[in-house]
There are 2 protein chains.
Amino acid sequence: MKRDQLGNQQCSVARSSAVLGDPWTLTLLSDCFLGVRRFEEFQERLKVSRTTLTSRLKLLEEHGILVQSQYEQKPPRFEYRLTQKGKELFPVISTLLTWGDKYYSDQAGPPILRRHKKCGHDFQTYIACSECGEPLELKDVEARKRPHNDSYPAVERGPM
Amino acid sequence: MKRDQLGNQQCSVARSSAVLGDPWTLTLLSDCFLGVRRFEEFQERLKVSRTTLTSRLKLLEEHGILVQSQYEQKPPRFEYRLTQKGKELFPVISTLLTWGDKYYSDQAGPPILRRHKKCGHDFQTYIACSECGEPLELKDVEARKRPHNDSYPAVERGPM
DNA sequence: CTAAGTAAGTCCAAATTACGGACTTGCAAT
DNA sequence: ATTGCAAGTCCGTAATTTGGACTTACTTAG
């Protein structure tokens with residue numbers, strides 16, 4: 001199977017990965033959350049080739065994760081901003097950052113620190129259950145395929 | 001800059017992305033959390049080429065995310081298991097799944113449901129602050145570069 | 001004893017994607 | 001008139017990915 005058909009799989013991770021599963025895309029999104037908006041700025045920070053950057057921005061736009069808006073008429077200049085859908089990737093980037101901080105920091109610690117304005121402390125993140133609010137642990141999770149229904153195809157890639 | 005140099009950047013997302021930023025890798029890890037362990041099984045479920053699968057498994061092993069262990073002597077057979085470091089990717093895959101369930105489900109809903117054994121409900125995830133336990137919202141986060149110290153290089157890719 | 005099967009890969013040629021650098025467009029400022 | 005800037009496009013070379021065939025080392029069925 002080819003990379004671009006991955007999005008048609010019956011699996012939310014596969015579908016998400018089809019858009020986000022690229023090192024530049026993830027780093028680009030991280031930069032978006034740090035306030036980067038312009039082509040030149042992305043290019044300089046990521047040091048990615050301009051062609052690749054263009055294609056990734058286009059893909060994120062097609063998926064409604066970024067919108068391009070014109071911030072200057074003459075000469076025409078554009079910026080990229082996160083949509084609501086894009087902003088909802090914050091948990092993904094945050095948990096990735098937390099993991100990276102833990103396993104790939106150098107001796108000086110994480111390069112970027114984040115402060116929670118509400119409590120005033122520098123934080124890392126953990127995940128919680130939407131239903132009971134308790135911290136979510138791997139051992140407490142039980143996965144299953146959705147119940148089969150004649151109108152929809154059965155799920156192929158279920159848990160073992 | 002080339003893909004394999006991304007891990008040297010001073011940015012935890014870039015460093016993490018250098019390992020995980022690939023559609024197959026993310027989907028493969030998702031399968032690990034569903035209990036998949038064998039080469040043939042990964043190959044059949046992901047429908048990825050065998051060469052690519054081999055290279056991804058090797059990369060994850062080099063990074064200490066998976067370990068290969070022999071489960072049969074004659075003939076020699078192996079399985080891949082998540083290490084502690086690998087298991088700590090659970091929040092990343094979970095938040096990615098939650099986002100994918102929201103934006104890429106078909107009419108029959110998410111293909112795979114997850115139940116929280118502690119409370120008995122099917123759940124989605126949200127992230128919380130490690131310091132105060134409150135749900136973490138984008139607008140309450142303030143990013144900054146780590147304080148400069150003569151012994152370590154200044155951070156390049158800081159917030160805007 | 002032979003043939004078929006299985007798990008975990010390796011090998012290969014063709015197709016796709018990425019790379020860096022030069023170039024383009026449209027305008028402003030010196 | 002030239003230089004500078006932002007946001008790209010173009011292009012030839014280099015690297016990666018793909019799908020399928022093949023390998024190795026055993027087991028099981030006939």
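Chain naming here is simple, since letters A, B, ... match the order of the sequence lines and numbering starts at 1 in each. What you are looking at is a predicted structure, and each value in this text was computed from that prediction instead of being measured. Because only heavy atoms are used, hydrogens play no part in the values below, and waters and symmetry mates are left out as well, while side chains stay in.
Taking 4.5 Å as the limit, every side-chain heavy atom of A:Thr83 sits out of range of all side-chain heavy atoms of A:Glu61. Inter-residue side-chain proximity for A:His121 and A:Arg115 is flagged as unmet; no heavy-atom pair is nearer than 4.5 Å. The side-chain heavy atoms of B:Arg15 and B:Gln10, taken from C-beta on, include a pair separated by under 4.5 Å. Annotation: side chain of A:Pro76 is in contact with side chain of A:Gln70 (closest heavy-atom distance under 4.5 Å). A heavy-atom distance below 4.5 Å is not found between the side chains of B:Ile65 and B:Leu59.
B:Gln68 comes within contact range of the sugar-phosphate backbone alone, with a heavy-atom separation under 4.0 Å but no base atom that close. Residue contacts for B:Thr52: at a heavy-atom cut-off of 4.0 Å it reaches a base atom on one of the strands shown. Contacts of A:Thr51 with the nucleic acid, taken as non-hydrogen atoms under 4.0 Å apart, include base atoms.
With the end axes of the helix from C:dC1-D:dG30 to C:dT30-D:dA1 each set by five pairs, the angle from one to the other reads 10° at 10° resolution.
When all heavy atoms of A:Ser16 and B:Gly100 are compared, the closest pair comes out as OG-CA, 3.2 Å. In terms of heavy atoms, B:Asp101 sits closest to B:Ile112 at OD2-O, 4.4 Å. Listed here is the closest heavy atom pair of B:Ser17 and A:Thr27: OG-OG1, 3.7 Å.
Here the rule is side chain to side chain contact (heavy atoms under 4.5 Å, CB included) with A:Leu46, and of B:Arg157, B:Gln9, B:Met1 only B:Arg157 fits it. When each of B:Arg37, B:Arg38, B:Arg45 is tested with B:Asp31 by the rule salt bridge (charged side-chain N to carboxylate O under 4.0 Å, His left out), just one qualifies, namely B:Arg45.
Nearest-nucleotide mapping onto DNA chain C: of A:Lys2 and B:Phe78, the residue sitting toward the 5' end is B:Phe78. Residues A:Met1 and B:Asp4 each lie close to DNA chain D; by heavy-atom proximity, the contact nearer the 5' end of the strand is made by B:Asp4. The residue among A:Tyr71 and A:Gln5 whose nearest nucleotide of DNA chain D is located toward the 5' end is A:Tyr71.
At D:dT16, none of the side-chain N or O atoms of A:Arg3 fall inside 4.0 Å of OP1 or OP2 (strictly under the cut-off).
The ring pair (Phe, Tyr, Trp, His ring centres under 6.0 Å) analysis of residues 34-76 of chain B, with sequence neighbours excluded, yields the pairs A:Tyr104-B:His63. Applying the ring pair (Phe, Tyr, Trp, His ring centres under 6.0 Å) test to every pair with at least one member in residues 3-38 of chain B, sequence neighbours left out, gives these pairs: B:Phe33-B:Phe90.
If you check residues 27-44 of chain B against DNA chain D, you find no residue with a heavy atom closer than 4.0 Å. A heavy atom lying under 4.0 Å from DNA chain D marks none of the residues of residues 11-20 of chain A.
Put simply, NZ on B:Lys47 is 11 Å from P on D:dG19, counting in whole angstrom units. In this structure, B:Gln73 places its CD atom 11 Å from P of D:dC26, rounding to the nearest Å.
No hydrogens or angles considered: a donor-acceptor pair under 3.5 Å links the side chains of B:Glu88 and A:Tyr103. At a cut-off of 3.5 Å, with distance as the only test, a side-chain donor of B:Ser49 or B:Thr52 sits close to an acceptor on the other residue.
Of all nucleotides listed (D:dT17, D:dC11, D:dA6), D:dT17 comes nearest to the side chain of B:Arg56. In the set D:dC10, D:dG19, D:dT17, the nucleotide with an atom closest to the side chain of B:Asp22 is D:dT17.
In 5' to 3' order, the nucleotides of DNA chain C bounding all contacts with chain A (an atom under 4.0 Å from a heavy atom) are C:dA18 to C:dC27.
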